[in-house]
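Counting convention: from 1, in listed order, for ligands and their atoms alike.
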Amino acid sequence: MGFRSGFVTVIGRPNVGKSTFLNTLLGEKFLIVSDKPQTTRNRIRCILTTREAQVVFIDTPGIHQPKSLLAEGMVQAALNTLQEVDAVVFMVDATEPLEAEDRYIAAQLAKINTPIFLVLNKVDLANDRQLARLETKWQKLLPQAEAVAHTSALTGYNLDFLRQQLLAVLPEGPQYYPDDMVIDQPERFVVAELIREKILHLTHEEVPHAVAVVVDEMKEREAGHVYVRATIYVERESQKGIIIGKQGSMLKAIGESARTDIEHLLGSRTYLDIWVKTRKDWRNQQSGLRQLGYEELLQRGR
Ligand SMILES: Nc1nc2c(ncn2[C@@H]2O[C@H](COP(=O)(O)OP(=O)(O)OP(=O)(O)O)[C@@H](O)[C@H]2O)c(=O)[nH]1
Ligand SMILES: [Mg+2]
């Protein structure tokens, strides 16, 4: 058998650990992660290259009941990946009961003829009885699954084994991306995401969901230092106040925390200049989605 390659989507409800799983598998943190649902908003390709194979994983937004134009686009983007892959990783949270969204995803999976790997994640938090019961339920609901894996995306438990199983179903094929390419997004995107991640970590309730981050400018200055100007968009003036905080304390915390990660990513000292603007109800406007980095989500039926 020659070189193998193929596309693998990682799909599931929000917050089950899809992005964590890919970060651990790739050994580097490119995808943002948080305990808030709907952290991931775009389809993001991450590339794992070995001597024998190249796997192009697709991180997807969590499948949920959408309540905005943005969320509708996210869910559709995730579902659309099912049509363009060689294998599916369907991830569920081993500590949670089966929900309506899981049944909905299972129904979508029944329509395709692609190997499905059911992954019960967060097993570090689940007990054996809980796991056995959940697995039995899933075997009934998803009898066509190629395999069931118990993993912990956080600790890396069983990820190597799952990777081997995935490789085994990929067809012979070319190397699509260069050896050193790990993510198909520009640095600007990852930088904006890292800022958004800190907002997800530091704010609560509706604020994390109402935020978009755009990198307006990124350039190298003297002595290899990088200057980044970014704008945080919120939907209401009250949210702007929360993001800025008392005497700018929240914005300072967001900036400091993001800068550490950005410097690690870019490998250079970074000056981060962050602005905050209100753009009313951007999540429900086509123009808002287009201008704040979510244009791909408007391309329905793709
Ligand atoms: N204990 C434990 N926590 C995990 C594991 N995997 C992920 N988490 C945590 O679960 C939360 C959600 O992880 P994400 O990777 O952001 O989940 P996601 O499925 O990408 O979520 P969305 O992007 O919102 O769809 C984070 O707080 C992670 O640290 C795991 O195996 N064990
Ligand atoms: Mg995610």
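The pair R236-D281 fails the salt-bridge criterion, with no side-chain N (NZ, NE, NH1 or NH2) lying under 4.0 Å from an Asp/Glu carboxylate O. Checked for salt-bridge contact, D59 and K18 miss the test: no charged N lies under 4.0 Å from a carboxylate O. With salt bridges taken as basic N to acidic carboxylate O contacts below 4.0 Å, none links E256 and R259. Looking at R283 and E235, a side-chain N of the basic residue comes within less than 4.0 Å of a carboxylate O on the acidic one, giving a salt bridge. Of the charged side-chain nitrogens involved, none lies within less than 4.0 Å of a carboxylate oxygen, so that E205 and K36 do not count as a salt-bridged pair. Of the charged side-chain nitrogens involved, none lies within less than 4.0 Å of a carboxylate oxygen, so that D93 and R13 do not count as a salt-bridged pair. For R103 and E101, the salt-bridge test fails: no basic side-chain N is under 4.0 Å from an acidic carboxylate O.
Distances between N or O atoms of T39 and those of ligand 1 include at least one value under 3.5 Å. Considering backbone and side-chain atoms alike, G62 places an N or O below 3.5 Å from some N or O of ligand 1. Residue-to-ligand polar distances keep V33 apart from ligand 1: every N/O pair is separated by 3.5 Å or more. Checked by distance only, ligand 1 and L154 come closer than 3.5 Å through their nitrogen or oxygen atoms. Checked against a 3.5 angstrom limit, the closest N/O atoms of D124 and ligand 1 fall inside it. Polar contact with ligand 1: present for A153 (N/O pair, distance under 3.5 Å). Of the polar atoms of D59, none of the N or O atoms is found under 3.5 Å from an N or O of ligand 1, judged by distance alone.
Here the protein heavy atom with the shortest distance to atom 25 (O) of ligand 1 is K18 NZ, 2.8 Å. Looking only at protein heavy atoms, the nearest one to atom 21 (O) of ligand 1 is N15 N, 2.9 Å. From the protein, the heavy atom lying nearest to atom 8 (N) of ligand 1 is K122 CE, 3.7 Å. Nearest to atom 26 (C) of ligand 1 among the protein's heavy atoms is S34 O, 3.5 Å. Nearest non-hydrogen protein atom to atom 17 (O) of ligand 1 is G17 N, 3.1 Å.
With a 4.0 Å cut-off on non-hydrogen atoms, L125 touches ligand 1 through its side chain and not its backbone. Looking at T20 against ligand 1, both its backbone and its side chain come within 4.0 Å, counting heavy atoms. Contacts between Q38 and ligand 1, counted as non-hydrogen atom pairs separated by less than 4.0 Å, involve the backbone only. Both the backbone and the side chain of S152 come within 4.0 Å of ligand 1, judged by heavy-atom distances.
Taking every heavy atom of S19 and a limit of under 4.0 angstrom, the matching atoms of ligand 1 come to 15 (O), 20 (O). Those atoms of ligand 1 that come under 4.0 Å of a heavy atom in D35, given as number and element, are 27 (O). Atoms of ligand 1 found under 4.0 Å from any heavy atom of N121 (numbered from 1 in listed order, with element): 5 (C), 6 (N), 31 (O).
The shortest side-chain heavy-atom distance between W138 and L98 falls under the 4.5 Å cut-off.
Other residues, nucleotides and ligands place more than 12 heavy atoms under 6.0 Å from the NE2 atom of H225.
The main-chain N or O of L69 is found under 3.5 Å from a side-chain atom of N284 such that the two form a donor-acceptor pair.
Sorted by chain and number, the protein atoms of type N, O or S within less than 2.8 Å of the Mg ion (ligand 2) are S19 OG, T40 OG1.
Aromatic ring pairs are classed by plane angle as parallel below 30°, tilted from 30° to 60° and perpendicular above 60°; the pair Y294 and W282 is parallel.
With ring centers used as reference points, W275 lies 6.0 Å or more from Y233.
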*Mind running side chain to side chain contact (heavy atoms under 4.5 Å, CB included) on V88 and F117 for me, showing each step along the way?*
CA-CA 6 Å; V88 176; F117 293 81; over 6 Å; no
*When you look at D128 and Q130, which way does the side chain to side chain contact (heavy atoms under 4.5 Å, CB included) test go after all the steps?*
CA-CA 5 Å; D128 289 348; Q130 202 175 13; over 6 Å; no
List the atom pairs, donor and acceptor, that lie under 3.5 Å between side-chain atoms in residues 162-176 and the rest of the protein, sequence neighbours left out.
unit_1	atom_1	unit_2	atom_2	d
Q175	NE2	Y177	O	2.8
Q175	NE2	D179	OD1	2.8

